[in-house]
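To start, the structure under review is shown below, and the notes come after it.
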Amino acid sequence: MLLEQMRELRDADGNWREGRTWSLVYYADEEHYDFLKEAHNTFFSENGLNPMVFKSLRRMESEVVRMSAEMLHGDGDVVGTMTSGGTESILMAVKAARERFRKKRFIFNGQPELVVPESIHVAFGKAAHYFGLKVRYVPLRDDFRVDVDALKRAVNRNTALIAASAPQYAHGVIDPIEEIGAFAQREDIPFHVDACFGGFFLPWMEKLGYDLPPFDFRVPGVTSISADVHKYGYAAKGASVVLYRNMSYLKHQFYISTDWPGGIYPSPSAAGTRPGGPIAAAWAAMKAMGEDGYLKLTRTTMEAVEALQSGVRRIEGLKVLGSTDGPMVCVAADGPEVDIYAVVDQLNAKGWNLDRQQNPNSFHLSVTANHLQAVPAFLEDLQQAVEHVRAHPELKSEGQAAMYGMIAKIPFRGAVKFSVQKIMEGMYGPDGKVPDLGGEATEDDDLIMQLMDKYGDKAMGILEKLESSREVIKDALSWKK
Ligand SMILES: Cc1ncc(COP(=O)(O)O)c(C=O)c1O
């Protein structure tokens, strides 16, 4: 009964099995899916927190790390751990770099800094927020790769870590890793390559003959790499690896407590309890796929990528942004007469799920082998959507297109943050309701906009104070007289 109810709930979700969801799920086929579930469930209750009790998990984790290190051209010194996903791998890499920086510069007591391209995954911003680093964002060149000269200028004596992507999520391009690596090595600053997205894809692309710049441990100066097994490793969710050139970097990731009444507690990564299922499924996926399996999936994926790119290029009014350094396609409007967000609204209405992006406005497709079957139908719907939007320019100010269009244009990002904060408070509040931010503008909205116009992001401070005084009043009203 309960399981039936759950299946019903799931049936109303985005359809990924037929390739209609262009991110979030990495699915090979039904046979692999069933196999993964069994591998995962065999270690469903086991806990990697204590590797002495669950030696099986320790062994599988170390084999996953070893196989990943070899795939990314690391030598025998490369070490690492598994984590719950790309974000945790990145959090750990930043935390390790910060610890290392503190130990090396023990006289220095300023704030350690992180130097990253504007396109770097948000997990770096999150890591800096959690671990108290200052982030210096470096602008991109016209080809969406980071401007290395600007990056060099952003580095200073407080820089604890430089990071770049292979490839970055939004436009799918690889940053100039070799150039950055040479600079990082010369300056003796750790350099992390975020290959969460491409780590389990680019090596196979290269083997298939695609001409890619080196992005992994072959590049001198690269000191750590994150790569997600739960993406193109086609494993179960909750599995990534973070690798370091040697133990002198990894050791700063560990946390060891010696005085807790519960005992001596060493912890390799952020998690306490480490679920066995994802570790086991990652190991099983890599063993079962092997080189042949991954090569086959990569070939099919690239067939889909190339079909999508040439299909999009044939549609008047659209263009592909960035070049293909990996399995994603980023699409933007090629002129003002097509509003790309209105196109996405049309596609949503036909059951496609896509990511809307900003700076510039575009949509993103993370392509997997399973998407090949959906390419002809997608291109047909895309063509129709573009024609429809061109014939109905008013669509740009309706539905989600209006909201995303407005959000992309608001110069004060604080105002956007404020609205998103309200949505989250609603969604995670006691009644789980998302506040309706659409509809008619109220007098309050108008006042807020005037405040923003006048004071820019400084207005946020005023709004936050207003919010907290509301809380104080509500609190006072709840007191007994
Ligand atoms: C380049 C890149 N880095 C990091 C991540 C974060 O991975 P996760 O969502 O598993 O935390 C992603 C996710 O798409 C990514 O594309």
Side-chain angles (χ1 to χ4, degrees), residues 14 16 21-27 64 68 72 80-95 114 116-130 135 137 140 144-146 161-175 177 180 191-203 205 212 215-216 222 224-243 269-271 274-275 277-279 281-282 285 301 305 321-322 324-330 353-357 362-368 371:
W16 47 265
T21 296
W22 292 94
S23 63
L24 304 164
V25 178
Y26 300 77
Y27 168 73
V64 166
S68 310
L72 297 168
T81 67
M82 286 189 71
T83 67
S84 61
T87 299
E88 191 189 340
S89 287
I90 290 166
L91 291 175
M92 291 300 94
V94 173
K95 184 260 178 203
L114 187 59
V116 293
E118 276 172 0
S119 56
I120 201 87
H121 192 271
V122 292
F124 285 88
K126 200 188 240 185
H129 178 69
Y130 286 177
V135 195
Y137 288 103
L140 311 181
F144 299 106
R145 296 180 173 86
V146 70
L161 181 70
I162 300 172
S165 319
Q168 42 101 314
Y169 182 82
H171 319 104
V173 297
I174 302 177
D175 285 314
I177 303 297
I180 303 172
F191 173 32
H192 181 88
V193 174
D194 176 15
C196 282
F197 197 85
F200 279 78
F201 195 85
L202 302 182
M205 260 181 96
L212 298 176
F215 64 93
D216 54 19
V222 169
S224 55
I225 303 182
S226 46
D228 292 355
V229 208
H230 68 194
K231 293 194 171 75
Y232 289 93
Y234 292 93
K237 294 251 177 316
S240 169
V241 288
V242 55
L243 304 172
S269 56
R274 303 179 83 210
I279 298 176
T301 306
V305 167
L321 293 185
T324 307
D325 284 344
M328 58 272 266
V329 181
C330 175
N353 296 300
L354 330 164
D355 290 354
R356 291 173 176 83
Q357 305 193 128
S362 53
F363 69 75
H364 167 115
L365 310 172
S366 292
V367 187
T368 64
H371 285 111

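Atoms within each ligand, like the ligands themselves, are counted from 1 in listed order.
For residues 162-173, every residue pair satisfying the side chain to side chain donor-acceptor pair (under 3.5 Å) rule, not counting sequence neighbours, is listed here: Q168-H171, Y169-D355.
D325 contributes no side-chain N or O that, together with a main-chain N or O of P167, makes up a donor-acceptor pair within less than 3.5 Å. In terms of modelled atom types and a separation under 3.5 Å, the side chain of T21 and the main chain of S23 share no donor-acceptor contact. Here the side chain of H192 pairs no donor or acceptor atom with the backbone of A163 at under 3.5 angstrom.
Looking only at atom types and distance, the side chain of S240 has a donor-acceptor partner in the side chain of S89 under 3.5 Å away.
If you look at ligand 1, the protein residues with a non-hydrogen atom under 4.0 Å away are G85, G86, T87, I90, H121, P167, Y169, D194, C196, F197, D228, H230, K231.
Considering all non-hydrogen atoms of both residues, I225 and L72 come closest at CG2-CD1, 4.0 Å.
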